[in-house]
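Please read the structure below before turning to the comments.
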Amino acid sequence: MKKWLWKLKKRLTHQAVVLMYHRIGTTDTDPWELAVSPQNFEQQLQLLARMGITTSANSLVRQMEQKKLPRRSVVVTFDDGYADNFTTALPLLQKWQIPATIFVTTQNIGRQKEFWWDELERIVVQTPVLPQQLSMPVGERPFSFNLKEETSLTAALQQKHRAWVATSDAPTLRTQLYLRLWEQLSPLTDPEQQQALTDLRSWAGIAEEARPAYCCMSTDQLKALATAEGITIGGHTITHPALGHHPLEQQQQEILGGKKLLEEVTPYPITLFAYPSGNYNDHSIQALKQSGFKAAFTTEHAPVSKKTEPFLISRYQVNNWSAEQFEKYLTYWFRQ
Ligand SMILES: [Zn+2]
């Protein structure tokens, strides 16, 4: 096809861009770039409000079913259910009248408990003094690591940790240890992950503790969020497993169990889902269909068109960007 013709075709394609957020707040370290500052989030919402093309995930799914997508639209989603979604994001979403779907993992709702990846960071990266040698089983595999000169958390190490992102090379041994443990823990079941965290805490000589900024919503907050104007709650399992690593039966329990728990607090059925860590296989889709879900969102980077499969709706993660940076990314995504 001629280049200009191809460009014209691209421009005429009706597309939606689905955005993925996790946390609105500031954190000391953020290897997965999950936190957007309230200032930047508001700037991003202001831009979206000015563009006037935001729509809800439910409308998008309906438009996909009818094969009638508007030329451009943007959908806002959040994953996991951190408390700041209610305390910080909700007032800003309402101020700028932007609809959003919040995919909630149920296990930590109303509990003083961090997700395993956050607690792993607290133990390995934030503990002031750690023993030099770690040797323990992780799941069924032996694991060992030597921290060498990084047993004490120096100011120099802390500075490196603040700039650390997990997608580039680990800048310190502590961050290397974090990533190696993250990879080992990721495919495991929740009891195996919790056992490993218990072992790690006793190795580090620290108690279980949940930093308030890392906690999930309370049940009352979730209830209020679920009925807030413009907000839809979606499923994100009970314990956030990487679904594709688990048998169908376990996936079914996580998917349907999470849906039922959410439906105890939402006045409407839960029909939308986001794959935890973007991980899924054919069994996940089968379990979702059997559980009465209508659509599911991945973490694959692509715009949505009328050809997109409803159980494979792709999304783009939004990082802690200013309005200018965010606008550049939006323009780029719509051209994909
Ligand atoms: Zn998640």
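Side-chain atoms are counted along with the backbone in the values below, which use heavy atoms only and exclude waters and symmetry mates.
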Item checked: Aromatic ring pairing F143/F145, orientation class (parallel under 30°, perpendicular over 60°, tilted between) -> parallel
Note to self: Does any part of the side chain of P276, heavy atoms only, come nearer than 4.5 Å to the side chain of H236, both counted from C-beta?
What the structure shows: yes
Margin query: My understanding is that only residues two or more places apart in sequence, or in another chain, count here; which of them pass salt bridge (Lys or Arg N to Asp or Glu O under 4.0 Å) with E300?
Written below: none
Check: According to the salt bridge (charged side-chain N to carboxylate O under 4.0 Å, His left out) rule, which pairs have a member within residues 154-176, sequence neighbours left out?
Finding: D28-R162
Next item on the list: Classify the ring geometry between W333 and F326 as parallel (under 30°), tilted (30 to 60°) or perpendicular (over 60°).
Entry: perpendicular
Note to self: Is it the case that the side chain of S152 and the backbone of T154 share a donor-acceptor pair, with hydrogens and angles ignored and the cut-off at 3.5 Å?
What the structure shows: no
Margin query: Is there a side-chain contact between L330 and M51 in this structure, where contact means two heavy atoms from C-beta onward sitting under 4.5 Å apart?
Written below: yes
Notebook entry, point to check: Are F293 and F311 an aromatic pair by the rule of ring centers under 6.0 Å?
Noted result: no
Next item on the list: Could you tell me how the ring of Y21 sits relative to the ring of F78: parallel (under 30°), tilted (30 to 60°) or perpendicular (over 60°)?
Entry: parallel
Next item on the list: Using side chain to side chain donor-acceptor pair (under 3.5 Å) as the criterion, list what pairs up with T77, not counting sequence neighbours.
Entry: R315
Note to self: Contact between T55 and V75 at the side-chain level, heavy atoms closer than 4.5 Å - yes or no?
What the structure shows: yes
Check: Does the side chain of T29 come within less than 4.5 Å of Q126's, by heavy atoms?
Finding: yes
Checklist line | Which residues share a side chain to side chain donor-acceptor pair (under 3.5 Å) with E263, sequence neighbours left out | finding: K259
Notebook entry, point to check: Can the ring centres of Y316 and Y329 be said to be less than 6.0 Å apart?
Noted result: no
Using atom types as modelled, flag every donor-acceptor pair under 3.5 Å from a side chain in residues 176-184 to any protein atom, sequence neighbours excluded.
| residue | atom | partner | partner atom | Å |
| --- | --- | --- | --- | --- |
| Y178 | OH | W32 | NE1 | 3.0 |
| Y178 | OH | W117 | O | 3.2 |

Notebook entry, point to check: Between F41 and R23, is there a cation-pi geometry (under 6.0 Å to ring centre, at most 45° from the normal)?
Noted result: no
Next item on the list: Could you tell me whether the side chains of N40 and Q325 share a donor-acceptor contact shorter than 3.5 Å?
Entry: no
Note to self: Does any part of the side chain of Q317, heavy atoms only, come nearer than 4.5 Å to the side chain of H22, both counted from C-beta?
What the structure shows: yes
May I have the list of side-chain donor-acceptor pairs in residues 197-206 shorter than 3.5 Å, sequence neighbours left out?
| residue | atom | partner | partner atom | Å |
| --- | --- | --- | --- | --- |
| T198 | OG1 | Q194 | O | 2.9 |
| T198 | OG1 | R201 | NH2 | 3.4 |
| D199 | OD1 | Q195 | NE2 | 3.0 |
| R201 | NH1 | E119 | OE1 | 3.4 |
| R201 | NH1 | E119 | OE2 | 2.8 |
| S202 | OG | D199 | O | 3.2 |
| W203 | NE1 | Q133 | O | 3.0 |

